[in-house]
Amino acid sequence: MTVVTRFAPSPTGHLHIGGARSALFCWAYAKKQGGRFMIRIEDTDQARSSDESARGILEDLAWLGIDWDDGPVLRLPDRTIGEGSRPVGPFFQAQRLGIYNAYIEDLCRRGVAYPAFENADELDAKRRAAVAAKRTYRYERPADVTPGRFSEDRWRRATGGEPHVVRFVAPHEEIVVADLVLGDVRIAAGELDDFVLRKADGFPTYHFAVVIDDELMGVTHVMRAQEHLANTPRHVAMQRSFVRLDTGRPFRTPAYAHMPLIFNMDGSKMSKRDKAKAARKAAKDAIAKGSSSGALAAATGLNPATLDQFLAGENDSLDVAQALGAHLKITLPEVEIWDFRQSGYVPEAIINFVSLLGWNPGMKQPDGKDLEKFDRHFLAEHFSIERIGRTNAKFDRAKLLSFNADAIAGLTDDEFARRWLAWLAEYEPDAHARLARALGAGVSPRLLALTRALKPRAKTFRDALRPAAFALVRDDEYALDPAAVEKNLRANGGTGRALLAEARARLDAHADWDAAALNGLIEAMAKERGLPNAGPIAQALRVALTGSAVSPGLGETLAVLGRESALRRMDRCLASIAAP
RNA sequence: GGCCCCAUCGUCUAGUCCGGUCCAGGACGUCAGGUUCUCAUCCUGAAAACCGGGGUUCGAAUCCCCGUGGGGUCGCCA
C-alpha cells in the first residue's frame, strides 16, 4: 500500500509556523516511505477563505522546499509543482460540493444522518446556559429521528427549501483511536452528540469534508497537531458508518499520529495577534516615557481614533501594528513563515529548527554530541513517527536565530552574496539599488568582498544591512560620529589624525588593493611605528572611511570601497579636522 | 465544568519501550575567561533539570497508583 499523507490548510491567512511543521512532517514521512504527499485546500468557510491566501500558503511551502506530489498546481518562475497529481481532485473543497451532497443524501436515506431545523441562535443560547450552569452541553437528538431509518418527512422539508443543517446520527458505542504517537485513546459511548455535517449554507463542516476527502483521496496516514485529537473520535465514528458510493465498500480508518503543540515562551498560543500585542506594548511604553497617542498618530500617519481603539485593545489591526513597529523601531514577533522570510531567515534554518519541535533523530555525531543540525533531505531519509514526542514545545526564538546564523555561516560566499542580493531586491529595494550603484550590479568582485565581511556579522539577511551601511552611501554622504572622531582622531594631541594621514600616504602608494594585502600594510605600519597592535591605526581609518568606530574588518572595508573612494573618504575626513 | 492528552536544566531535547553503564548527556540562552584593529565570529570553562507522594524491586528519570501542574477539546471555525 502506498503511503499517502496530506497537509490540509484553511486559506484564511498566511502559513503559520505550526502549519509548516505539520506539512514538513507529513512530507518527510511520505518521502521516507516512498509514498505521496498531498495538499488539499479546506476552503469551506465562505466568509474567511480567499484565493490570495491559498496562493500565499502554497508559495510559502514551496519556499521552504516542501513540494507536493498531489494538489493544486503552482507555477513558479523556476518550477511548477503539482502537475503530476493523481486524479483525485479537485483539491479545493469548495469545488467538491457535488460530492459532499451526494454523500449527504445517501447518509440521510440510510438513516445515518438527518436534516435538523433548529435555529442557530436558539442552540447557542442553550449552549451558553449549559456552560453557565456548569453542565455539559450536548445536542439532543429529536424524538422522531431513529438511527438507521430514513426521516422522509425531514428530507422533504429540507429539499423543499426550509433552512436546515444536516446532522450525523452518532453511534452509541465506545470509540478507540489507535494513535501512533499517543497510543490508544478511548472515548466512552455517549460522549459524542449529533454534530453537524452540512451547514445551512450548503457547505460541509470541517469534520465531514475531512472524512469524505481523506477516504476518496486515499489518505493512509493523518498527521496533525494534538489540538485535533479530541475531534478524532468523531472522524472514526463517521468512518464506521459511511460507505463509499462508487464501490459500496465501507470507509477505512487511516493511521493517526498527533503531534505536540507549539507555544510562545510565555505559554500563550502563537498567533497573529502577538504582533498587535507587541506593538501595543511598545506604544504604551513610549507614551509612558512622555510621548502621547496624538504624537504617535501624527508620526505614523494613523487615524487618531483608529490608533486609540488599537491601544485600548478594541482591535488588533495588523496595519496599525506594523506602522507602530516601524515608527518605534521594534521588530514585531514573527509567527508566520512569511514574517520569517521577510525578517531574513533562510528556509534551511526554519526547517531544521521546526523539525526539532516535537521530533528528534536520536542520533549522535562523530564527536559524541547529539545530532541536531540537518536538512530536509536528512529528514526525508530518517523521519519516523516513533520519534515524535508527546510534550508541547515552546518556540524559542533565540535558538532559531542561532540556527539561522549557523545556516548563513554555512553558505558559500557566492551563495550568500546571491541570496542576500535576492532578498534585498524583494524586501529592501532601496538598499538594493544603492548597492548596485556603489558596487556594480550583480555579484561583482567588490560585492563579494563586502558579503564576505558581512556573513559572520549577520544572523539574518536583514542583520547584514547595518554593517553594510558604509558601502551604501556616497563618499560625502555620511556623517562622522563626533564621539568616534574625538576618541580615535583628536585625542592625545591628534595622534590618530597623524596615523590616518600617514596611512593615507602609504595606501596611496600601495599597488595591491586586496583585503589581505591591505591588512598586511596596516600591520606592517603598526610594527614600524612600534605600536603594540594595529588598533590605533585601524580605528582612525575606520572612522574616516565609515564615519563610525564600528565596521567590518579594515582590510575588507578598504577593499569594498576601492582605492579611489577610500582615498576620497580619508581626504574628506582629514580636511574636516584641523591639524594640531 | 465533562471528556481527553502530557510532565527531564530558563528553552528545545537525549536517556524512558527492553529498570543498574545517569551523583542524568547535548544544543540555545545566561555567566566567567581567552583570541582579534572595532563590532561580530571563534575557543575554553561554569551554573542550571528527572513536578510531589506512595508503591513494585537488591536497585527507578525509567514500571504501577494517587495527587499537583500544564495543555487540548466540547461551534452551522478549521
Side-chain angles (χ1 to χ4, degrees), chain A residues 8-10 12 42-45 47-49 116 118 120 123-124 127 130-131 133-138 164-167 177 179 182-183 185-188 191-193 195-201 203 205-207 209-210 225-233 258 260-261 263 265 267 269 353 356-365 368-373 386 389-403 405 409 453-459 463 466-467 484 488 519 522-523 526 533-543 546 548-555:
Chain A
S10 148
T12 55
E42 309 218 324
D43 51 352
T44 54
D45 184 335
R48 295 196 299 148
S49 296
E118 292 87 350
L123 290 180
D124 240 37
R127 188 172 11 250
V131 170
K134 301 207 173 201
R135 278 184 291 111
T136 304
Y137 172 78
R138 287 203 184 86
H164 68 284
V165 298
V166 175
R167 287 182 180 269
V177 178
D179 191 274
L182 271 6
V185 178
R186 329 185 85 89
I187 296 287
E191 286 292 327
L192 290 184
D193 67 359
F195 54 89
V196 173
L197 302 180
R198 190 174 68 187
K199 302 181 254 182
D201 66 1
F203 275 63
T205 59
Y206 161 77
H207 299 297
V210 155
Q226 262 178 38
E227 61 191 356
H228 290 292
L229 179 65
N231 288 323
T232 308
H258 287 94
L261 269 16
F263 294 99
M265 286 300 272
K269 221 166 175 171
F353 179 71
L356 260 7
L357 261 26
W359 185 79
N360 188 286
M363 295 165 76
K364 299 279 187 199
Q365 294 175 335
K369 294 182 173 181
D370 292 357
L371 176 76
E372 69 166 14
K373 291 296 174 68
E386 302 82 70
R390 287 172 291 274
T391 34
N392 294 159
K394 288 179 182 170
F395 190 84
D396 185 353
R397 291 162 193 285
K399 184 155 181 172
L400 200 218
L401 193 61
S402 163
F403 270 48
L454 259 29
K455 206 166 62 142
R457 288 170 176 76
K459 290 181 191 292
D463 264 3
R466 193 182 296 268
N488 298 295
N519 272 330
I522 305 298
E523 299 287 342
N533 61 43
I537 307 172
Q539 282 308 88
L541 276 166
R542 190 170 343 258
V543 173
T546 71
S548 120
V550 178
S551 91
L554 198 61

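A note on names: the letters A, B, ... follow the listed sequences, proteins ahead of strands, and every chain is numbered from 1.
Computed from coordinates, the A:H258 NE2 to B:G71 C1' distance equals 15 Å when rounded to whole Å. One interatomic measurement links the two molecules: CG of A:L357 to P of B:U13, which rounds to 6 Å at whole-angstrom precision. Computed from coordinates, the A:D124 CG to B:G75 P distance equals 9 Å when rounded to whole Å. One interatomic measurement links the two molecules: NZ of A:K459 to C1' of B:C39, which rounds to 12 Å at whole-angstrom precision. Atom CG of A:D370 is separated from atom P of B:U13 by 13 Å (rounded to the nearest Å). Distance, A:D193 CG to B:G2 C1': 13 Å, rounded to whole Å. For the pair A:N360 CG and B:G25 P, the computed distance is 16 Å after rounding to whole Å.
B:C50 is unpaired under the criterion used here, namely a Watson-Crick or G-U wobble arrangement in which both key atom distances are under 3.5 Å.
Phosphate contact (OP1/OP2 of B:C12, side-chain N/O of A:R397, threshold under 4.0 Å): absent.
Between the side chain of A:N519 and the base of B:C37, at least one donor-acceptor pair of N or O atoms lies under 3.5 Å. Below the 3.5 angstrom threshold, one finds a donor paired with an acceptor across the side chain of A:R457 and the base of B:C39.
In this structure, A:P552 reaches the bases: a heavy-atom distance under 4.0 Å links it to at least one base atom across the strands shown.
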